[in-house]
Each structure stands twice: as C-alpha cells, then as structure tokens.
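Taking it in order: structure first as structure tokens, then the write-up.
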Amino acid sequence: MPLVSQRAAPAIFGHMPELPEVESARRIIDQYALRRVIEEVDDSDTYVCRPHTPGEIRSALLGRRLSAVHRRGKSMWCETTGVGRSRKPGPLLGFHLGMSGKIVVGKANGSEVDGGDYWERGRKPGDLRFSRFRLSFTDGGFLVLVDPRRLGRVRLDPPVEKLGPDAAVVTREEFQSAMHRGTAPVKARLLDQEALAGVGNLLADQALWTARIRPSRPVDELSTDDVDRLYDAVRESVADSLANGGVHTLSFIPARRAGGTCPRCGAALQVGVVGTRTTWWCPVEQT
DNA sequence: TATAGTGTTATCGG
DNA sequence: ACCGATAACACTAT
C-alpha cells in the first residue's frame, strides 16, 4: 500500500489587496487621517521604507499634515503641507500595501478604523504586532501600515508616473494600445502595472473568464473583438468589485479552488501558472 | 516540517 | 533599447 504524502493543508488567507481594497484604504485615510498634525514617525523598518534610511521620512514629515490622498492602480500617495502660516507643500508620502498590507487609523478618542482583513481571524484593536510604519498625530491618534509579510512599501515621492492608466477609469483607446504591443500572454499583460495599473491576479482571472479568453493567449493573437470584450470585462469587474466591497465579491472567484466548476457551463476548471501566477480558467469556454 | 500566498522589482538573455 | 521570463524579496498559519 502506497504511502500517501501528508500534504500540508492549504493556508487559509484573508483578503489581500487589489485595486478595490486599496481604494477602501484610500477612503479611510481621506476620511480619518487628513489635516491632523504629525508629531512622531516610526520609519525604522528599513525594508518597508526602502530606499530611505531610518529617520529620513521622519524628518521630512514632522510637524506637517497630510492634506490629500490619491490612488492609481494599487499605489496611494498623500500630499503634505506645513502648519500655520506656512502651508508650503512638502514631499509626497507613498503607500503600497503589497501582499498583506492594510491601513489602520486610530482616532483621537481611542477607537480604530481597520482597513482590511488579511488574517482570517482578523485583528483586535491595539494589536500592533505587524505594524511596519506609523504616523502619530498630536491628538493622540495614529496611522499605521499593518503588514505581516513586509512586502508593502512606504516612501517619499513614489514614481507613480511609471504606472499605466488606472483600471477603473482607463479608456478603450488606452486599453487597446496597452494590449497592442509585444507577444506576452494576455494575463501577463493585464498584470503589468506599467501597461495598466490596478489589475491583480484575481481581477485578471475574473475579467478573462468574463471575456471568454484563455489567459495564456499571446496578445498579438487577440482579435479586435477579443480586445473590445476584454476591455468591457475589465471595466465591469473593477466597477463591480468597487461597488460590492472587494474582489471576493466577484462571481468567478468562489469557483477558483480545487474541484471548482465554471459558473456558466459547469465544466471542471483548469489550473496552471500564467505570468508566474496561479491561474484558473474554463477550458471549454475560454479559448 | 514544508508549503502557498490576490505583489513588485532587479536582472538576465534574446 | 525593448520585451519577456525568472528569481528574489519576507513572513506566517497550517
């Protein structure tokens, strides 16, 4: 009788950030963290704060306040200003949530606004085990990047100009020119943040399934109609996930597991690696 | 204990 | 210089 190797049970992970999760974080910063004076900064995590040296972000922000927050794809950045008479603009403060990051804002009254749920069990208020960057405000509140895996990033003046158009607002023409170049698998192109900003692994699978396109198909083999359907599918998937609170609410995502079947035709889904990422698709409908 | 994980980036070869 | 593929990065629950 064969020894059946005891495969480790798949780790159960909570919600990792894609465009809609980052937008939720942006709104939390917008609603709760702006206009409060920065009294202290913990930028001691040299990996998350690379390429800065400890104290560099701190000295750039002390005594200033966040005045606005923006998002493009999965990147966020805050404008900063001085206080009092000198409202002179300071450096931009960039955030990226990476694979496991989320924003937690503490209010002056001690309560917390928690922007995500990477761990299935969640996180209790006051649990700062995975705090990788912190702004402390003069009113006693704070803004923290909680990030167990430390693949997130905080930096001054982030190079957001390298990003492609945001997937939530990209025009059909911009999308077409992003696809009409080279020979990469279409999923790899969707994930290329310099071509199109904001589509992550799950959004890509959802959009390709919606458009009935096989993820490994080279972009130069897509017809005009394929690109048109894919554009509609990307815009729809992003809009739906924004409206409903995250990529997990999309129709194809629950089927994306061992034994999963196509929600439309019932065929067994196929799994493989495309563009270095785990990829699920319907082998019957997606051609 | 080995493994998988929804992301980005430096580097290499063509 | 461009494009595509790959490894590296860091960490933890199971």
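Lettering of chains follows the sequences in order, A, B, ..., and the numbering in each one begins at 1. Because only heavy atoms are used, hydrogens play no part in the values below, and waters and symmetry mates are left out as well, while side chains stay in.
Ring planes of A/W209 and A/F252: parallel class, angle under 30° (limits at 30 and 60°).
Side-chain proximity of A/N201 to the nucleotides B/dT6, C/dG4, C/dA5 is greatest for B/dT6. Ranking B/dG7, C/dA5, B/dT6 by closeness to the A/L202 side chain, first place goes to B/dT6. Nearest nucleotide to the A/K74 side chain, out of C/dT12, B/dT6, B/dT8: B/dT8. With B/dG5, C/dC3, B/dT6 as the choices, the nucleotide that has an atom nearest any side-chain atom of A/H248 turns out to be B/dT6. Of all nucleotides listed (B/dT6, C/dC9, C/dT6), B/dT6 comes nearest to the side chain of A/M16. The side chain of A/R153 lies closest to B/dT9 when the candidates are B/dT9, B/dT6, C/dG4. Of the candidate nucleotides C/dT6, C/dG4, B/dG5, C/dG4 has the atom lying nearest to any side-chain atom of A/T183. The side chain of A/L151 sits closest to C/dA10 out of C/dG4, C/dC3, C/dA10.
The distance from atom CG of A/D192 to atom P of C/dT6 is 16 Å, rounded to the nearest whole Å. Taking atom CD of A/E194 as the reference point, atom C1' of B/dT8 lies 10 Å away to the nearest angstrom. Between the CG atom of A/L191 and the C1' atom of B/dG7 there is a distance of 10 Å, rounded to whole Å. Spacing between atom CZ of A/R155 and atom C1' of B/dT8 amounts to 12 Å, rounded to whole angstrom units. Regarding A/L242, its CG atom lies at a distance of 20 Å from the P atom of B/dT6, rounded to whole Å. For the pair A/W280 CH2 and B/dG5 C1', the computed distance is 14 Å after rounding to whole Å. What separates CZ of A/R129 from C1' of C/dA13 is a distance of 11 Å, to the nearest Å. Note: CE (A/M99) to C1' (C/dC9) measures 11 Å, nearest angstrom.
For the pair A/V219 and A/D45, both in contact range of DNA chain C, the more 5′-proximal nearest nucleotide belongs to A/V219. Heavy-atom distances to DNA chain B give each of A/Y47 and A/K162 a nearest nucleotide, and the one nearer the 5′ end belongs to A/Y47.
Annotation: cation-pi geometry not satisfied between A/R26 and A/W77 (NZ/CZ under 6.0 angstrom from ring centroid, within 45° of ring axis). A cation-pi arrangement is absent between A/R172 and A/Y231 under the rule of less than 6.0 angstrom and at most 45 degrees off the ring axis. Judged by the 6.0 Å distance and 45° axis criteria, A/R50 is positioned over the aromatic ring of A/Y47.
Here the rule is side-chain hydrogen bond (donor to acceptor under 3.5 Å, both in side chains) with A/N201, and of A/K187, A/R277, A/E18 only A/K187 fits it.
Using atom P as the reference point in both B/dT3 and C/dA7, the two lie 16 Å apart (nearest Å). B/dT11 and C/dA10 have their P atoms separated by 15 Å, given to the nearest Å. C/dT12 sits 23 Å from B/dT9 when the C1' atoms are compared, rounded to a whole Å.
Using a 4.0 Å cut-off between charged side-chain N and carboxylate O, A/D226 and A/R229 make a salt bridge.
Base pairing of B/dT6: no nucleotide in any strand meets the Watson-Crick or G-U wobble criterion (both distances under 3.5 Å). With both pairing distances under 3.5 Å, C/dA10 is matched to nothing as a Watson-Crick or G-U wobble pair.
OP1 or OP2 of B/dT8 has at least one side-chain nitrogen or oxygen of A/Q193 nearer than 4.0 Å. The phosphate of B/dT8 (OP1 or OP2) has a side-chain N or O of A/H96 nearer than 4.0 angstrom. Put simply, A/S100 has no side-chain N or O that comes within less than 4.0 Å of OP1 or OP2 on C/dT12. The phosphate of B/dT9 (OP1 or OP2) has no side-chain N or O of A/R50 nearer than 4.0 angstrom. Within the structure, a side-chain polar atom (N or O) of A/T278 is placed less than 4.0 Å from OP1 or OP2 of B/dG5.
At a cut-off of 3.5 angstrom, counting only N and O atoms as typed in the model, there is a donor on one side and an acceptor on the other between the side-chain of A/R277 and the base of B/dG7.
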Pair A/I57-A/C49, side chain to side chain contact (heavy atoms under 4.5 Å, CB included): steps then yes or no: CA-CA 8 Å; A/I57 301 177; A/C49 296; 4.0 Å; yes
